[in-house]
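Right, one structure below, let's go through it.
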Amino acid sequence: VQLQASGGGLVQPGGSLRLNCAVSGSTVSVNDIGWYRQAPGKQRELVARITGGGSTGYADNVKGRFTISRDNAKNTVYLQMNSLKLEDTAVYYCSRIAQNLRWNWLPVGGWGQGTQVTVSS
């Protein structure tokens with residue numbers, strides 16, 4: 001299964017972007033998929049997830065601003081990012097995810113190429 005993130009760019013604070021995660025080798029409706037981001041000097045963090053059943057979850061620092069969704073026909077998962085802040089600047093990645101025995105979500109498989117999001121005035 002391969003996932004390819006795209007859609008990043010340069011945006012001003014308060015602006016919006018929509019990221020795309022194209023999935024091949026499997027279907028999005030049977031996979032749990034997450035959006036991660038990694039800012040310079042920081043650990044990669046899970047910011048949004050969507051399960052095969054359609055349940056969604058968000059990190060506290062993006063809740064109310066980011067929305068994860070999917071299009072089964074296009075086999076693509078999206079991350080709509082609104083009200084962007086300077087601190088949202090990072091490389092964004094998508095990955096299949098799974099829960100461990102402690103109910104923590106962890107990435108499954110390798111990382112594909114990320115997409116850079118830069119929020120700057």
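Follow the hydrophobic side-chain contacts under 4.5 Å out from V47 and you reach I50 in the same cluster. In the hydrophobic clustering of ILVMFWY residues, with side-chain heavy atoms under 4.5 Å counting as a link, Y78 and L84 come out apart. No single ILVMFWY cluster, assembled from side-chain heavy atoms under 4.5 Å apart, contains both W35 and W105. One hydrophobic cluster holds both I68 and V28 under the rule that ILVMFWY side chains link at heavy-atom gaps under 4.5 Å.
Taking the centre and axis of the six-membered ring of Y93, the NZ or CZ atom of R44 falls inside the cone set by 45° and 6.0 Å.
In terms of the side chain to side chain donor-acceptor pair (under 3.5 Å) criterion, residue partners of Q80 (sequence neighbours excluded) are, by chain and number, N82. Residues that satisfy the salt bridge (Lys or Arg N to Asp or Glu O under 4.0 Å) test with D88, not counting sequence neighbours, are R37, R65.
Side-chain contact of D71 with T76: a donor-acceptor pair under 3.5 Å is absent, judged by distance alone.
Formation of a donor-acceptor pair under 3.5 Å by the R96 side chain with backbone atoms of G34 is not found in this model. Remark: side-chain polar atoms of N31 are not paired, donor with acceptor, to backbone N or O of G52 under 3.5 angstrom.
Rounded to the nearest 0.5 Å, atoms OG1 (T115) and OH (Y92) are 10.5 Å apart.
The neighbour count for Q2 CD, taken as heavy atoms of other residues, nucleotides or ligands under 6.0 Å away, does not exceed 12.
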